[in-house]
J.: 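Provided herewith is a single structure, encoded as structure tokens, for subsequent inquiry.
These numbers come from the heavy atoms of this one structure, side chains and all, not from hydrogens, waters or symmetry mates. Numbering of residues begins at 1 and proceeds along the displayed sequence. Since this is a predicted model, take the numbers as computed values, not measurements.
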Amino acid sequence: MRTTNLVPTTTIPTEFSMAGVEQPCYTLINFPTDSEPYNEMQLKLDLEKGDTKKKIEALKKVIGIILSGEKIPGLLMIIIRFVLPLQDHTIKKLLLIFWEIVPKTTPDGKLRQEMILVCDAYRKDLQHPNEFIRGSTLRFLCKLKEPELLEPLMPAIRACLEHRHSYVRRNAVLAIFTIYRNFEFLIPDAPELIANFLETEQDMSCKRNAFLMLLHADQERALTYLSSRLDSVHGFGDILQLVIVELIYKVCHANPLERSRFIRTVYGLLNAPSAAVRYEAAGTLVTLSNAPAAIKAAAACYIDLIVKESDNNVKLIVVGRLSALREEGGEAAARALPDLAMDVLRVLQSSDLDVRKHTLQLALDLVSSRHAEELVGVLRKEAARAQSADHDDGPKYRQLLVRALHKATLKFPEVAGSVAPALLELLGDGSEAAAHDVMLFLRAALHNFTDLRDLVYQKLLECAPAIRVGKIARSALWLLAQFADSPARAEAALNMLTEVIPSLTTGEEKEESEGAAAKPQQDTSAPRQLVTSDGTYASQSAFNLPTNNSSPVAAGPGLWAALGEGEPFTAACACSALCKLSLKLSDSKLATQAIHLAAKLLAHHKQHSGSASAQSGLTADDLEHGALCVLAASARPAVVRGALLGGASRALANLLALPDRAADLLDDSDKEREPKRLEPAVEVESGIVFAQLAGAGGAAQHHDMFELALSKALQGRTTGISEERGKLSKVTQLTGFSDPVYAEAIVSVNQYDIVLDVLVVNQTDDTLQNCTVELATLGDLRLVERPSGVVLAPRDYATIKAHVKVASTENGIIFGNIVYEVSGASMDRGVVVLNDIHIDIVDYIQPAACSDADFRQMWAEFEWENKVSVNTNITDLREYLQHLLASTNMKCLTPEKALSGQCGFMAANLYARSIFGEDALANLSIETPLHKPNSPVVGHVRIRAKSQGMALSLGDKINMMHKTPPQKPSTPPSNPTPAA
């Protein structure tokens with residue numbers, strides 16, 4: 001940000017000041033870093049004899065010099081004499097900034113004599129005929145902290161309350177409010193004065209400021225004014241209505257008996273024209289009353305806001321508020337909200353995918369069995385509409401709808417009959433992103449709903465010949481073979497496969513094969529990377545590699561494209577399905593036909609393995625798998641029969657019995673934003689507060705939702721790790737103990753910016769002037785403002801703060817030095833070089849979760865990979881994994897059951913997401929040598945990310961992790977000594 005003119009951005013000062021904030025910041029000014037050094041004589045000359053343009057430029061330079069920590073006492077009187085009398089509006093605006101930042105007191109704390117002249121200028125500006133100058137001066141007086149300057153101005157400030165222009169009057173109210181709050185003795189009758197002003201005022205902004213002052217200074221007067229106008233609140237402006245809602249909230253929580261008096265007013269504000277007023281009124285209503293009618297009215301207001309509001313961020317906030325209402329409302333919300341589940345689905349008209357995702361999740365949580373059929377009907381219509389819509393997020397939205405229908409079926413089994421046909425229509429050729437979720441639903445439906453099995457099986461038989469994607473074809477073939485419970489179903493599946501697999505004896509195919517073999521073409525495509533389900537690369541022998549690469553969707557008619565010309569594993573799965581069908585067929589002729597089909601498929605791939613016309617050939621493993629299936633179906637041993645027919649059913653039942661088998665609509669990062677009901681943690685020694693016995697004082701201890709919201713906004717994102725370790729763990733020593741200036745910094749990372757709290761200590765017996773911390777950054781960091789200089793007395797110390805903005809998830813370095821001048825005749829200049837501050841990538845990474853399919857898709861798409869070799873002294877595989885997770889802040893996606901046991905080898909997938917939305921994938925492949933006990937873990941960690949910086953930074957973090965020993969959790973003593 002570079003600005004050439006200094007126009008201040010001033011905030012309205014209220015009492016919303018939080019603990020921990022040193023001083024409120026009213027004005028942000030930016031200066032170019034490449035500005036030339038100033039010449040004091042030239043500045044004096046320009047301010048004294050220059051024209052208006054030169055005086056403006058000189059005044060800007062003076063402001064910049066003072067903000068950088070330097071003092072120019074000789075210019076104060078020149079500005080008072082030659083600049084202060086000017087009537088130019090730009091100069092007057094700059095002078096307000098100058099008087100705000102210039103030191104007004106002497107070193108002993110007394111007011112400077114020159115400020116009396118300035119005070120007279122303030123008084124003249126408060127009586128200026130121009131309303132802008134009057135209003136700007138009144139806003140400036142809100143920032144003054146010297147009562148000696150304000151006392152002579154009080155009559156002029158009071159007179160501004162009667163000015164003809166509303167801009168002057170509303171700023172006069174704010175000035176009186178601030179002065180009364182800071183220096184009550186200057187205007188002790190301020191509440192009475194403002195109450196009388198409020199009775200006669202007509203401008204809505206002036207009434208809002210006056211009412212706001214009474215709210216914080218004298219609630220009784222504000223309550224009296226509101227009580228006399230309860231019936232006309234709906235005609236007030238939105239800015240005044242917001243303050244009225246806040247007053248009602250505070251009064252009703254301080255005195256619960258007042259709720260019945262004001263709750264009707266809050267109900268009426270639910271229909272206010274302003275969206276902000278309706279939102280605040282709905283939030284206040286549910287805190288005043290937990291009756292089902294109040295919760296239903298507030299929820300209906302929220303839904304109306306979501307539908308009518310165009311900003312997607314606002315939609316997400318209000319949807320989150322609805323979810324919180326469902327969690328916190330208890331039994332009353334459980335009775336009131338299900339009736340609004342169908343109204344929530346109106347939000348699906350939004351085009352934003354995140355809004356739709358949270359809306360579907362909320363609707364599924366709210367709906368009851370009474371509205372289940374209606375919900376499924378709406379989702380079916382939405383799926384049909386989304387299938388014809390041409391939008392970038394169309395496939396993902398259809399996938400969300402499939403998952404929502406799946407979850408609705410699990411929650412309400414009675415709707416499964418209407419869901420299954422609708423989802424099979426979305427199957428298509430299998431190229432849709434939702435096809436995999438459709439197969440997951442069919443697997444659960446065929447297993448759980450026996451009465452619908454015939455209908456679903458028949459529909460699947462009709463859709464299967466059109467599937468061309470290998471992964472979906474494998475799922476469909478397995479389902480057809482697994483659930484062919486009756487001979488009729490098995491025969492129908494066999495007939496379908498017989499029609500799909502062509503004959504191998506046609507002359508045309510032989511001619512095509514011979515012609516293609518006569519003209520072999522050299523394959524110039526890049527070698528294919530095969531990734532297994534755990535993220536590791538599959539190994540293949542050079543002797544059994546297929547001649548040509550296969551594409552995910554092979555060319556050809558329907559299912560035969562996947563079986564004959566698609567991925568080689570699909571043909572092996574088809575042989576397994578035919579083997580299972582053969583075992584289930586009671587007719588020996590049909591069973592032999594199934595075996596012949598499997599053999600025919602293997603022969604086709606064997607025949608075309610060296611031909612360029614075929615797009616794939618079977619690997620050695622696939623060929624062996626298919627041959628074993630044919631042999632097993634022919635010999636029919638009891639062990640194989642029991643494994644294929646009974647074992648598969650038991651395995652599927654155990655799999656579906658696991659919790660949360662349905663794909664979640666929300667990913668891990670979204671679930672963090674979802675409200676969660678936390679069990680209250682009460683300290684052992686905390687007292688018990690009885691509301692009935694506490695009186696008004698005890699009731700006032702209730703947490704104010706307005707203060708809590710502001711506190712959360714100022715606090716930003718927090719992590720449990722930083723809270724546990726505390727600030728002292730973030731202290732970085734910047735200089736040595738023997739340096740003239742000792743410095744250390746507390747590095748606090750708050751979402752998108754870094755705050756450096758630098759402690760500077762003067763270890764000499766001299767006064768150090770213009771002691772400045774000069775910082776520079778390396779990486780994707782940017783220094784927001786240059787820290788101002790300070791003057792350090794002998795053995796004195798000071799705290800300097802610097803802010804650094806973060807743009808991406810990369811390791812960054814902050815470096816610099818401390819520059820100071822030793823007071824005296826020589827004015828020696830000293831420099832102390834600072835240690836580098838390394839910004840850790842872990843501060844921006846948060847553990848996240850994703851499905852196995854999403855992990856593999858991102859692994860294939862991300863182009864940056866960083867392979868890190870494991871170099872550690874840790875000998876246990878699980879201990880190394882835990883150390884890696886704790887150091888990189890990633891989450892292990894591999895189930896605990898897959899990691900259990902001791903086999904000397906471990907493969908795990910890790911996933912994390914940065915606060916900027918960047919995904920980071922890692923695959924861990926480690927082992928311990930078999931014949932070397934207590935030898936360290938060896939292996940490697942593969943990292944993949946969309947950006948190069950993310951991959952490199954994570955790799956550096958893992959390399960640094962190898963040099964640090966793992967932190968073992970502290971365990972309590974086994975036999976603690978009882979307290980006396």
Side-chain angles (χ1 to χ4, degrees), residues 443 446-447 453 457 460-461 464-465 470 473-505 538 540-541 543-544 546 559-560 562-609 614 616-655:
R443 183 183 66 184
L446 287 169
H447 180 267
R453 193 170 291 175
Y457 194 89
L460 181 58
L461 274 177
R474 293 194 292 270
S475 301
L477 290 173
W478 188 89
L479 291 176
L480 290 174
Q482 175 65 29
F483 293 99
D485 299 335
S486 62
R489 287 188 201 161
E491 185 176 353
L494 180 61
N495 292 335
M496 184 272 294
L497 288 174
T498 304
E499 295 175 1
V500 168
I501 300 176
S503 174
L504 301 182
T505 57
Q540 288 181 325
S541 170
F543 297 101
N544 57 31
L559 187 59
W560 175 243
L563 294 178
E565 302 171 357
E567 298 173 1
F569 185 53
T570 307
C573 291
C575 292
S576 297
L578 288 168
C579 170
K580 193 176 292 186
L581 287 175
S582 174
L583 294 175
K584 291 187 175 185
L585 285 166
S586 56
D587 189 349
S588 59
K589 183 177 180 182
L590 294 176
T592 306
Q593 182 182 350
I595 299 173
H596 285 175
L597 275 180
K600 187 187 299 185
L601 189 59
L602 291 176
H604 169 80
H605 282 278
K606 188 68 175 176
Q607 180 179 352
H608 292 78
S609 60
S616 68
L618 289 179
T619 63
D621 288 342
D622 295 331
L623 188 61
E624 182 180 3
H625 179 83
L628 284 175
C629 289
V630 172
L631 290 175
S634 303
R636 293 182 175 235
V639 176
V640 174
R641 185 182 181 88
L644 288 178
L645 301 184
S649 300
R650 290 191 297 271
L652 178 60
N654 294 333
L655 176 66

J.: If I take atom CD from residue Q482 and atom NZ from residue K584, how far apart are they, to the nearest 0.5 angstrom?
T.: 5.0 Å
J.: What's the separation between atom CG in L578 and atom CD1 in I501, rounded to the nearest 0.5 Å?
T.: 5.5 Å
J.: To the closest 0.5 Å, what do you measure between CZ (R453) and OG (S486)?
T.: 10.0 Å
J.: Would you give the length of the straight line joining atom OG1 of T498 to atom NZ of K600, rounded to the nearest 0.5 angstrom?
T.: 7.5 Å
J.: To the nearest 0.5 Å, how far apart are OG in S649 and CG in D485?
T.: 7.5 Å
J.: Using side-chain heavy atoms (C-beta onward) and a distance below 4.5 Å, is Q593 in contact with L585?
T.: no
J.: List the steps, then state whether side chain to side chain contact (heavy atoms under 4.5 Å, CB included) holds for L480 with M496.
T.: CA-CA 10 Å; L480 290 174; M496 184 272 294; 3.4 Å; yes
J.: When you look at S582 and R636, which way does the side chain to side chain contact (heavy atoms under 4.5 Å, CB included) test go after all the steps?
T.: CA-CA 9 Å; S582 174; R636 293 182 175 235; 3.8 Å; yes
J.: Between L655 and R443, is a side chain to side chain contact (heavy atoms under 4.5 Å, CB included) present by the stated rule, with each step listed?
T.: CA-CA 11 Å; L655 176 66; R443 183 183 66 184; 3.5 Å; yes
J.: Within a strict 4.5 Å, meaning less than it, do heavy atoms of the L597 and L581 side chains meet?
T.: no
J.: Measuring from atom CG of L652 to atom CZ of F483, what distance do you get when rounded to the nearest 0.5 angstrom?
T.: 5.0 Å
J.: Would one find more than 12 heavy atoms of other residues, nucleotides or ligands at under 6.0 Å from atom CZ of F569?
T.: no
J.: Could you check if a side-chain atom of H625 sits within less than 4.5 angstrom of a side-chain atom of L628, using non-hydrogen atoms only?
T.: no
J.: Taking all heavy atoms of V500 and all of P465, pick out the closest pair and write down the distance.
T.: CG2-CB, 4.4 Å
